[in-house]
Peer 1: 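This is the structure I want to talk about, given as structure tokens.
Here is the naming used below: chain letters follow the sequence lines, and residue numbers restart at 1 for every chain.
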2 protein chains.
Amino acid sequence: MSELLWGKPSLPSRGPKPAVTLAGIAEAGIRIADAEGLDAVSMQRIAGELPVTKMALYRYVPGKTELIAVMSDLAMGAPPDRPDLPWREALHAWAMDLYDGFTRHPWLLLSTVGRRLLGPNELAWIERGLAALTGTGLTGGEQMDSILVVTSHVRNIAQQSTTFPGHTTGLTEEDMQESLTQILTTEAARFPHLTTALRTAAGSENQGLEFGLQRILDGLELLISGRKASTSPH
Amino acid sequence: MSELLWGKPSLPSRGPKPAVTLAGIAEAGIRIADAEGLDAVSMQRIAGELPVTKMALYRYVPGKTELIAVMSDLAMGAPPDRPDLPWREALHAWAMDLYDGFTRHPWLLLSTVGRRLLGPNELAWIERGLAALTGTGLTGGEQMDSILVVTSHVRNIAQQSTTFPGHTTGLTEEDMQESLTQILTTEAARFPHLTTALRTAAGSENQGLEFGLQRILDGLELLISGRKASTSPH
DNA sequence: AGTAATTGTGTCTGCCGGACACAGTAATGT
DNA sequence: ACATTACTGTGTCCGGCAGACACAATTACT
């Protein structure tokens with residue numbers, strides 16, 4: 001089922017030498033996705049960057065879906081090594097590393113939605129996130145839910161602050177701001193809280209990542225310290 | 001720019017009567033997306049449900065992107081009315097309403113990613129979320145960031161727990177679980193924390209929404225009460 | 001009646017993912 | 001040496017997609 005993501009490259013000895021490799025195909029796809037967005041990644045386009053034709057790719061990959069999965073796991077990469085830290089600092093650093101990854105490959109935000117098969121790198125990220133939370137007294141389920149909520153936050157902040165090459169309607173942040181202020185000038189009465197919130201929010205851009213992260217970590221800390229206080233003196 | 005989303009239906013008086021309406025087109029699209037997923041929504045397919053051909057739709061909509069935007073804002077709907085509540089209960093109820101919306105129309109999770117033009121309903125949701133936070137002492141930027149982190153959490157939980165009709169590779173939750181446990185039996189050594197976390201997490205499914213939400217609300221409460229304590233006695 | 005504005009249709013292009021038959025190539029068995 | 005077998009790459013074809021464009025049909029205003 002997930003041989004492509006997990007399997008070792010088996011080399012059969014009959015037949016002609018393969019002209020490309022699965023990793024090479026995935027890297028070509030990553031290059032295209034990085035430069036022109038996920039929508040620019042087509043079998044034709046990938047083949048155009050390699051010494052093969054479109055159909056040859058299907059010798060290495062059962063379909064585009066699986067190729068995107070391989071690309072995603074490869075682009076995500078392994079989580080960077082971090083020294084041992086207290087859980088809060090560790091989780092914070094982990095979240096920042098994750099944010100870096102999504103910033104480097106914005107299309108990962110699109111290709112890793114919904115249910116999918118997990119590759120080794122994605123699992124390694126989860127593993128490292130969990131590692132930060134061992135010894136906190138949280139149950140396994142709580143640990144999973146904790147890194148999930150951190151991941152959600154990081155993802156959506158990245159989604160909001162990145163400019164996707166291609167794909168979307170090419171809206172810049174300024175376009176959105178302009179459209180929004182224009183709407184609010186004509187419809188201010190319908191959105192009073194939004195109007196005042198935006199007025200008092202001037203200049204506080206791009207604080208969303210740290211703000212939400214600190215709230216989440218605060219909430220976790222409350223749970224963890226409460227848990228410790230009720231169990232350890234017993 | 002966003003006349004489609006915001007404009008009143010202007011009726012010109014020359015020419016033949018329109019056979020359909022923008023709202024009718026969007027509703028047809030919503031019906032298809034609900035039943036068969038976002039990928040099943042094509043101009044052909046929509047026209048097939050209406051007494052017009054594909055190309056007639058372009059008289060009402062400049063392109064598919066804009067049509068999806070109209071569909072999304074319409075499907076999202078206006079946030080339900082809620083009685084006045086303390087901010088924490090209000091925000092909790094708001095998050096649950098949002099979750100309901102995403103559950104009713106899972107494709108909204110796909111169609112409302114990245115930068116896009118905001119429609120009246122989407123703005124109304126933001127407005128209502130902000131309303132819950134007025135009087136908490138948070139700045140406008142902090143209020144925005146707060147509802148953003150709540151939204152992120154709700155979105156990603158919904159994304160994880162919904163079954164998309166069509167679109168994805170048709171993986172069920174069981175498929176993922178099975179694939180994961182199979183991987184972990186052969187690669188347990190590489191993922192020790194994940195292995196133990198999953199072992200102690202048995203039976204605690206679908207707690208993610210409440211867990212994360214309570215952590216976030218706890219974190220916000222800490223900030224709000226701290227803010228109040230430092231300003232009001234002064 | 002004539003003109004202008006507006007709506008619906010049919011045709012066409014270029015792209016996409018993918019099925020399939022077929023030709024070429026390299027190692028193996030005899 | 002030679003046939004067999006396993007494997008790789010190619011060309012052709014299909015159905016479906018978004019959308020451009022020319023054209024016919026319909027309605028209201030002058």
Peer 1: Distance-only, no hydrogens or angles: does the A:Lys54 side chain make a donor-acceptor pair with backbone N or O of A:Gly48 under 3.5 Å?
Peer 2: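 No, the answer is negative, given that no donor and acceptor are paired below the 3.5 Å cut-off.
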Peer 1: Can you measure A:Lys64 atom NZ to D:dG16 atom P for me and round it to whole angstrom units?
Peer 2: 19 Å
Peer 1: In whole Å, I'd like the distance from the CD1 atom of B:Ile68 to the C1' atom of D:dC17.
Peer 2: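 So the CD1-C1' distance, B:Ile68 to D:dC17, works out to 13 Å.
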Peer 1: First locate atom CD1 of A:Ile157, then atom CZ of A:Phe102, and finally report the distance between them rounded to the nearest 0.5 Å.
Peer 2: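 Going from the CD1 atom of A:Ile157 to the CZ atom of A:Phe102 covers 13.0 Å.
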Peer 1: Return the polar atom pairs (N/O with N/O) between nucleotides 4-10 of chain D and the protein under 3.5 Å, or none.
Peer 2:
unit_1, atom_1, unit_2, atom_2, d
D:dT5, O2, A:Arg14, NH1, 2.9
D:dA6, O4', A:Arg14, NH1, 3.4
D:dG9, OP1, A:Ala19, N, 2.4
D:dG9, OP1, A:Tyr60, OH, 3.3
D:dG9, OP2, A:Tyr60, OH, 2.7
D:dG9, N7, A:Arg59, NE, 3.0
D:dG9, N7, A:Arg59, NH2, 3.3
D:dG9, O6, A:Arg59, NH2, 2.3
D:dT10, OP2, A:Thr53, N, 2.7
D:dT10, OP2, A:Thr53, OG1, 2.9

Peer 1: Classify the side-chain pair A:Arg155/A:Thr112 by whether it contains a donor and acceptor separated by less than 3.5 Å.
Peer 2: yes
Peer 1: I'd like to know if the side chain of A:His92 reaches the main chain of A:Glu210, judged simply by a donor and an acceptor atom lying under 3.5 Å from each other, with no hydrogens or angles considered.
Peer 2: no
Peer 1: What is the distance, rounded to the nearest whole Å, between atom CD of B:Gln44 and atom C1' of D:dG19?
Peer 2: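 In whole Å, D:dG19 C1' and B:Gln44 CD are 11 Å from each other.
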Peer 1: Determine whether a donor-acceptor pair (N or O, by modelled atom type, separation under 3.5 Å) exists between the side chain of A:Arg115 and the backbone of B:Thr162.
Peer 2: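 Judged by distance alone, yes, a pair lies under 3.5 Å.
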Peer 1: Can you tell me how far P of C:dA21 sits from OH of A:Tyr58, to the nearest Å?
Peer 2: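 After rounding, the gap between these two atoms is 17 Å.
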Peer 1: Measure the distance from CD1 on B:Ile46 to P on D:dC17 and round it to the nearest whole Å.
Peer 2: 11 Å
Peer 1: Taking A:Glu127 for the side chain and B:His193 for the main chain, is one N or O donor matched with an acceptor at less than 3.5 Å?
Peer 2: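 Judged by distance alone, yes, a pair lies under 3.5 Å.
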Peer 1: Check the distance between D:dC17's C1' and B:Glu36's CD and give it to me in whole angstrom.
Peer 2: 16 Å
Peer 1: Just how far, in rounded Å, is P of D:dA18 from CD of B:Glu66?
Peer 2: 13 Å
